Protein chains: 2
Amino acid sequence: MKVDGRVERGEQTKRQILRRAAEIASVEGLEGLSIGRLATELEVSKSGVFAHFGSKEELQLATVRAAAKVFVDQVVTPALDVPPGRARLERLLDGWLAYSEHRTFPGGCFFYAVQAEFDARPGRVRDTLVEFDRRWHDLVRSTAADVPGLVADPDQLAFEVIAFLELANGKSVLRGDDEAYARARTAVADALARATRA
Amino acid sequence: MKVDGRVERGEQTKRQILRRAAEIASVEGLEGLSIGRLATELEVSKSGVFAHFGSKEELQLATVRAAAKVFVDQVVTPALDVPPGRARLERLLDGWLAYSEHRTFPGGCFFYAVQAEFDARPGRVRDTLVEFDRRWHDLVRSTAADVPGLVADPDQLAFEVIAFLELANGKSVLRGDDEAYARARTAVADALARATRA
DNA sequence: TAAGTGTACGAACGATCGTACAATTAGTTT
DNA sequence: AAACTAATTGTACGATCGTTCGTACACTTA
């Protein structure tokens with residue numbers, strides 16, 4: 001298995017582009033992300049950036065996929081290392097709050113910013129975001145459903161805890177403080193306690 | 001008290017501009033809102049639109065204020081017609097869900113879209129949005145605090161119910177269905193029941 | 001070593017952005 | 001009717017947008 005030095009270098013450039021693109025998009029949105037600005041910040045040529053994707057929409061889609069990979073690595077995978085049950089669910093939700101609070105993306109959760117931007121406009125970007133959202137919701141629901149002694153509807157429980165997570169992210173980014181995370185942790189803990197009380 | 005027909009006409013034009021601007025911004029964001037596009041859609045000149053505001057930022061600020069007025073008229077004022085207590089709180093939260101569900105703004109809640117867009121960038125628009133958000137949260141908290149026999153922390157209760165409202169809006173706009181509103185109504189009703197149980 | 005391939009670059013394109021300013025139109029005041 | 005004022009328009013500007021194209025260079029393969 002040989003590696004072509006040119007291709008290797010190209011892929012590394014592409015990774016750098018996408019990392020910065022996801023950072024920018026979490027703050028300014030996927031439309032605020034311009035190819036020229038990206039090129040300037042990375043000190044490469046505008047056409048060099050463009051050539052990797054072929055269109056702005058493809059850049060946006062690649063950025064979403066790159067951000068999803070970061071999200072999975074940081075939130076999903078660690079939770080799947082824990083055996084199914086209450087501990088896994090707690091790990092998943094705690095992991096999400098840490099991912100948001102530690103500003104893995106400088107503008108808070110990437111998907112919070114970008115979903116609100118594209119939720120009302122048709123197109124492939126929106127379709128991709130809908131699919132990722134569906135998978136995230138399903139993961140929370142199925143993880144909750146595996147908690148022994150669950151007395152609540154997993155779908156309803158998933159809705160409620162996701163609501164707490166997202167509002168914590170939104171409020172903390174907007175206000176610049178950490179209070180909302182404490183509120184969310186309280187709310188999540190209460191919800192889990194109620195949902196597992198026989 | 002005389003009225004100048006020219007001024008009167010100008011104010012009417014301004015109102016039309018701002019109404020359309022809020023509609024566009026709820027879908028495309030306040031940055032996606034361009035002066036040229038606004039002029040084309042309203043069939044007036046670009047400079048005519050511009051002259052009313054003097055800068056894009058002023059247009060954005062005026063749009064936010066106009067949307068806030070719509071929000072107050074549709075959600076806040078009707079609730080304040082109800083005497084303080086549980087009924088007023090329920091009216092407030094139901095009013096919000098109706099405001100979102102009936103698509104007063106075509107992209108769902110105007111502030112949901114615009115806060116997510118500006119939450120991570122500094123500037124006067126963001127400052128204005130922070131202030132409106134603070135006032136909304138305070139209204140929900142103080143309305144909850146007036147509910148007789150409340151056993152919950154009003155601040156925590158406000159956080160939780162606002163989380164349900166916002167996720168209902170976000171999910172329904174993203175997915176294009178109404179299921180999230182039903183989930184939110186269930187969640188709000190449960191939260192209120194718990195909060196008033198002695 | 002010669003030919004071929006892949007990445008990156010610089011220059012240029014048409015379109016649109018926000019903004020400026022003088023001219024025009026409509027309505028008021030004297 | 002003339003002078004004045006406010007809303008609106010037309011034209012133009014520099015900047016930036018996404019995109020296209022021809023070229024230069026790095027690397028691999030024959």
Side-chain angles (χ1 to χ4, degrees), chain A residues 1-21 24-25 27-64 66 117-118 121-125, chain B residues 1-21 24-25 27-64 66 114 117-118 121-126:
Chain A
M1 183 61 179
K2 290 285 297 296
V3 283
D4 189 326
R6 297 166 300 183
V7 176
E8 162 90 354
R9 188 161 52 95
E11 286 173 354
Q12 186 175 342
T13 303
K14 194 165 181 173
R15 279 194 298 272
Q16 289 174 349
I17 292 171
L18 288 173
R19 183 157 46 88
R20 181 63 69 99
I24 294 176
V27 175
E28 320 253 4
L30 282 170
E31 291 292 343
L33 174 72
S34 86
I35 295 171
R37 176 182 171 184
L38 205 46
T40 303
E41 292 196 13
L42 291 169
E43 291 177 326
V44 294
S45 71
K46 197 171 135 182
S47 38
V49 173
F50 183 84
H52 278 282
F53 306 99
S55 74
K56 169 120 191 218
E57 189 179 43
E58 282 299 331
L59 167 63
Q60 293 174 328
L61 289 167
T63 302
V64 171
E117 185 183 6
F118 278 82
R121 357 181 175 180
R124 295 171 58 204
V125 175
Chain B
M1 185 59 180
K2 290 284 298 298
V3 283
D4 188 326
R6 296 168 300 183
V7 176
E8 162 90 354
R9 187 163 54 96
E11 286 173 354
Q12 185 176 340
T13 302
K14 194 166 183 173
R15 279 194 298 272
Q16 287 174 352
I17 292 171
L18 288 173
R19 182 156 48 86
R20 181 63 69 102
I24 294 175
V27 176
E28 320 253 4
L30 281 169
E31 292 292 343
L33 174 73
S34 86
I35 295 171
R37 177 184 171 183
L38 206 44
T40 302
E41 291 196 13
L42 292 169
E43 292 177 326
V44 294
S45 71
K46 195 173 139 182
S47 32
V49 173
F50 182 83
H52 278 282
F53 307 98
S55 75
K56 168 119 190 216
E57 189 179 40
E58 283 299 331
L59 166 64
Q60 292 174 329
L61 290 167
T63 302
V64 172
V114 158
E117 185 183 7
F118 277 84
R121 356 181 175 181
R124 294 171 59 205
V125 174
R126 177 208 150 100

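The sequence lines fix the lettering, A, B, ..., with proteins before strands; numbering per chain opens at 1. Keep in mind that the numbers below use all heavy atoms, side chains included, and drop hydrogens, waters and symmetry copies. All figures in this text were calculated on a predicted structure; none of them were measured in a lab.
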For this session: Answer with base, sugar-phosphate or nothing: what part of the nucleic acid does A51(A) contact at a heavy-atom distance below 4.0 Å?
Result: nothing

Every protein N/O within reach of nucleotides 23-27 of chain C N/O, cut-off under 3.5 Å:
from: dG27(C); atom 1: N2; to: R6(B); atom 2: NH1; distance (Å): 3.1
from: dG27(C); atom 1: N3; to: R6(B); atom 2: NH1; distance (Å): 3.3

Exercise. Is the closest side-chain heavy-atom distance between V64(A) and L30(A) below 4.5 Å?
Worked result: yes

Which pairs, protein N/O on one side and nucleotides 15-18 of chain C N/O on the other, fall under 3.5 Å?
from: dC17(C); atom 1: OP1; to: S34(B); atom 2: OG; distance (Å): 2.7
from: dG18(C); atom 1: OP1; to: K56(B); atom 2: NZ; distance (Å): 2.8
from: dG18(C); atom 1: OP2; to: I35(B); atom 2: N; distance (Å): 3.1
from: dG18(C); atom 1: N7; to: K46(B); atom 2: NZ; distance (Å): 3.1
from: dG18(C); atom 1: O6; to: K46(B); atom 2: NZ; distance (Å): 3.4

Problem set entry | Sequence-distant partners of Q12(A), side-chain contact (heavy atoms from CB on, under 4.5 Å), two or more places apart | R15(A), Q16(A)

Exercise. Distance from L18(A) atom CG to T13(A) atom OG1, nearest 0.5 Å?
Worked result: 11.0 Å

Problem set entry | Any H52(A) side-chain N or O less than 4.0 Å from OP1/OP2 of dG6(C) | no

Exercise. Within the structure shown, what part of the strands sits under 4.0 Å from V44(A) by heavy-atom distance: base, sugar-phosphate, or nothing?
Worked result: sugar-phosphate

Exercise. Partners of E58(B) by side-chain contact (heavy atoms from CB on, under 4.5 Å), sequence neighbours excluded?
Worked result: F53(B), S55(B), L61(B), R65(B), R124(B)

Exercise. With no hydrogens and no angle check, is any side-chain donor or acceptor of E117(A) less than 3.5 Å from a backbone partner on G29(B)?
Worked result: no

Exercise. In chain order, what residues pass the side-chain hydrogen bond (donor to acceptor under 3.5 Å, both in side chains) check against R37(B), with sequence neighbours excluded?
Worked result: E28(B), E41(B)

For this session: Quickly work out the Q12(A) CD to dT7(C) P distance and round it to whole Å.
Result: 13 Å

Seminar exercise, completed: To the nearest angstrom, the CZ-P distance between F53(B) and dA7(D) comes to 12 Å

Show which side-chain atoms of residues 44-52 of chain A pair as donor or acceptor with protein atoms under 3.5 Å away, not counting sequence neighbours.
from: S45(A); atom 1: OG; to: G48(A); atom 2: N; distance (Å): 2.9

Exercise. Does R126(B) have any salt bridge (charged side-chain N to carboxylate O under 4.0 Å, His left out) partners at least two apart in sequence or in another chain, and if so, which?
Worked result: none

Exercise. Within this structure, what is the CD-to-P distance between E8(A) and dA26(D), rounded to whole angstrom?
Worked result: 18 Å

Exercise. Should S47(B) be listed as having a side-chain N or O under 4.0 Å from OP1 or OP2 of dA20(C)?
Worked result: no

Problem set entry | Trace of the side-chain contact (heavy atoms from CB on, under 4.5 Å) decision for L59(A) with L38(A) | CA-CA 11 Å; L59(A) 167 63; L38(A) 205 46; 4.1 Å; yes

For this session: Rounded to the nearest angstrom, tell me the gap between atom CD1 in I17(A) and atom P in dA8(C).
Result: 7 Å

Exercise. Rounded to whole angstrom units, what separation is found between the NZ atom of K14(A) and the C1' atom of dA8(C)?
Worked result: 14 Å

